[in-house]
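What follows is one structure encoded as structure tokens, with my remarks underneath.
Residue numbers start from 1 in every chain, and the chains themselves are labelled A, B, ... in the order their sequence lines are given, proteins ahead of strands.
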Amino acid sequence: MIETRDLHKHFGRLHVLKGVSVQINQGEVICVIGPSGSGKSTFLRCLNFLEEPTSGQIFIDGQEITNKNETDINKVRAEVGMVFQQFNLFPHMNVLDNICLAPVKVRKLPRAEAEERAYALLKKVGLLDKAKAFPDQLSGGQQQRVAIARALAMQPKVMLFDEPTSALDPEMIKEVLDVMKDLGREGMTMVVVTHEMGFAREVADRVLFMDDGMILEENSPSEIFTSPANERTKMFLSKIL
Amino acid sequence: MGYVWSWQVIVQSFPMLLAGAGLTIRLTCIAVSMGILIGTFFGIGRVAKNALIFSLSSIYVNFIRGTPLLVQLYLVYFGIPALIGIPIPPLLAAYITMSVNSGAYVAEIVRAGIQSISRGQMEAARSLGMTYGQAMLHVILPQTFKRIIPPLGNEFIALLKDSSIVSVIALEELVRKGYLISGRTFRSFEIWTAVAFMFLFMTLPITQLVNYTERKLKKGD
Ligand SMILES: Nc1ncnc2c1ncn2[C@@H]1O[C@H](COP(=O)(O)OP(=O)(O)OP(=O)(O)O)[C@@H](O)[C@H]1O
Ligand SMILES: [Mg+2]
């Protein structure tokens with residue numbers, strides 16, 4: 001589904017990704033953990049080309065998106081949903097318009113059909129009554145659930161989450177994680193950067209531990225949390241668990 | 001001092017002054033409208049990644065902002081006709097100069113407005129598969145225009161006052177009218193006081209509007 005080969009990313013002289021190679025299969029839920037500054041966000045953002053890798057290859061569904069001549073990056077992004085730490089809803093549009101914008105403009109879906117899809121998704125994330133609300137009238141947890149619905153409205157093949165609950169008050173974290181759990185159970189391919197170890201343990205098929213721009217360890221959550229092999233993984237987990 | 005204030009001269013010259021104010025307003029409104037069009041275009045150019053578009057936009061903005069309006073007016077009214085051999089009527093020269101001038105200032109307002117929108121907005125739009133143009137049109141610019149209403153109001157006020165410069169090419173806007181009338185009546189104090197207040201009456205409502213939208217926007221944020 002997604003494969004990266006020897007991915008490198010430099011910001012000027014800063015070498016942030018130092019050869020990341022992973023394979024993510026259809027329907028898998030992958031959690032990426034690791035200390036701050038280790039390159040987790042950069043890795044995720046490379047997957048939909050919000051950051052352009054300095055070198056290396058990325059394949060999505062067998063298509064090499066790092067080959068710029070043959071790839072329309074907008075088409076690729078339409079298949080890759082992304083949810084941000086800061087929600088990034090469009091503040092000048094109500095919830096319904098936030099969700100319908102891309103399906104109508106990018107997928108050329110008729111408005112009525114887009115709305116139908118939006119309502120179905122709002123029901124799924126439990127916000128059917130908020131369709132006409134504006135983002136600033138919603139709590140953080142509600143905004144993030146709308147952001148998930150907005151990404152899902154494009155019917156992406158894979159969803160990327162960059163610390164989707166880190167900006168939320170504790171009492172709102174669960175409502176967002178529950179939506180994500182449902183999504184994982186329904187078979188969505190997901191890559192989730194998170195500090196929520198409970199979520200990783202419960203939902204992830206695999207956990208990647210990232211440090212200093214490299215993936216130092218990858219394993220099933222039960223293995224990695226109970227008997228981490230790498231010293232750095234051990235140290236990181238002992239600090240946060 | 002013994003100076004006797006004359007209401008009569010003000011009343012008598014009022015229709016002429018009003019006609020001058022009419023031209024002042026027309027000049028300013030057209031220049032700012034054109035300026036918003038031009039400025040949106042070049043403001044987007046000023047945040048473009050394309051080096052050529054960025055450079056051209058920057059040259060335009062810096063040239064206009066770095067030279068006096070009076071010189072720009074002379075360049076259009078005297079300079080260009082000398083070059084092309086066709087005279088440009090004063091009114092047209094005034095419209096062109098003020099529009100082009102306003103465009104540069106509006107471009108900087110638009111640029112600052114675009115850059116004040118958080119980067120996450122563009123990223124969210126792009127991550128949904130929208131092109132740069134779609135993201136600009138549907139996500140960034142609508143938010144920008146709301147935010148730049150106050151600085152646009154200030155630009156309108158500035159231009160309204162600066163429009164008096166076109167009196168040097170004999171266009172009878174408010175200042176030129178004042179000059180003509182006071183020369184004829186020898187009632188400088190009354191006339192220039194009247195002219196000052198007429199400017200104030202034109203700018204005050206806009207100042208109020210700017211303050212009002214600023215307050216409203218602050219609440220919205
Ligand atoms: N646009 C950028 N320009 C320059 N440096 C950047 C940029 N984005 C990230 N970096 C740097 O790259 C490194 C990795 O950042 P990244 O955001 O990927 O880390 P992270 O693992 O997501 O950390 P966190 O857990 O704090 O989110 C950091 O040192 C960061 O300062
Ligand atoms: Mg991060």
Side-chain angles (χ1 to χ4, degrees), chain A residues 41 44-52 72-93 97-109 114 134-137 143-144 146-162 167, chain B residues 36 39-40 43-44 47-54 106 109-153 210 212-221:
Chain A
S41 298
L44 206 64
R45 293 159 58 84
C46 279
L47 293 182
N48 70 350
F49 252 63
L50 281 183
E51 303 289 357
E52 190 176 334
D72 178 354
I73 192 59
N74 297 314
K75 285 223 176 80
V76 175
R77 286 194 182 123
E79 309 299 332
V80 180
M82 181 142 188
V83 174
F84 301 85
Q85 186 174 347
Q86 298 297 337
F87 330 132
N88 294 341
L89 292 181
F90 306 135
H92 58 302
M93 294 178 186
D97 291 337
N98 260 277
I99 299 176
C100 290
L101 181 67
V104 169
K105 300 296 175 195
V106 179
R107 293 257 195 250
K108 311 292 179 203
L109 214 62
F134 280 82
D136 63 3
Q137 298 165 327
Q143 287 191 53
Q144 194 61 300
V146 171
I148 293 173
R150 180 176 70 178
L152 289 175
M154 290 297 285
Q155 301 188 327
K157 294 177 182 155
V158 52
M159 287 279 284
L160 311 176
F161 295 83
D162 192 359
Chain B
I36 288 173
T40 302
I44 293 171
V47 296
K49 280 203 208 84
N50 182 304
L52 182 69
I53 296 176
F54 174 79
V106 173
I109 293 171
V110 170
R111 178 195 58 73
I114 290 174
Q115 287 175 339
S116 77
I117 308 290
S118 91
R119 227 179 70 175
Q121 290 290 306
M122 179 56 94
E123 291 184 345
R126 297 307 301 275
S127 78
L128 288 162
M130 282 185 235
T131 62
Y132 181 81
Q134 285 174 325
M136 266 293 172
L137 190 63
H138 302 296
V139 176
I140 306 297
L141 287 180
Q143 297 183 59
T144 304
F145 280 123
K146 206 172 123 193
R147 267 187 216 188
I148 64 175
I149 292 171
L152 280 183
V210 167
Y212 171 77
T213 47
E214 253 171 6
R215 268 200 312 275
K216 244 185 102 177
L217 285 178
K218 209 164 273 162
K219 247 192 285 167
D221 272 349

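With hydrogens and angles ignored, the 3.5 Å screen pairs no side-chain donor or acceptor of B:Glu123 with any backbone N or O of A:Leu50.
No other option in B:Ser118, B:Gly120, B:Pro142 has as many heavy-atom pairs under 4.5 Å with chain A as B:Gly120.
At a heavy-atom separation below 4.5 angstrom, chain B is approached by A:Met82, A:Phe84, A:Asn88, A:Leu89, A:Phe90, A:Pro91 within residues 81-91 of chain A.
Scanning both residues, A:Ala102 and B:Met130, for their nearest heavy atoms gives CB-CE, 4.3 Å.
Applying the salt bridge (charged side-chain N to carboxylate O under 4.0 Å, His left out) rule to B:Arg126 yields no partners; only residues at least two apart in sequence or on another chain are considered.
Here the side chains of A:Leu101 and B:Leu128 are not in contact, with every heavy-atom distance at 4.5 Å or above. Between A:Lys105 and B:His138 the shortest side-chain heavy-atom distance falls below 4.5 Å.
Both the backbone and the side chain of A:Arg150 come within contact range of chain B, judged by heavy atoms closer than 4.5 Å.
Counting non-hydrogen atoms of other residues, nucleotides and ligands closer than 6.0 Å to OH of B:Tyr212 gives a total of 12 or fewer.
Atom CD of residue B:Gln134 and atom CG of residue A:Asn74 lie 7.5 Å apart, to the nearest 0.5 angstrom.
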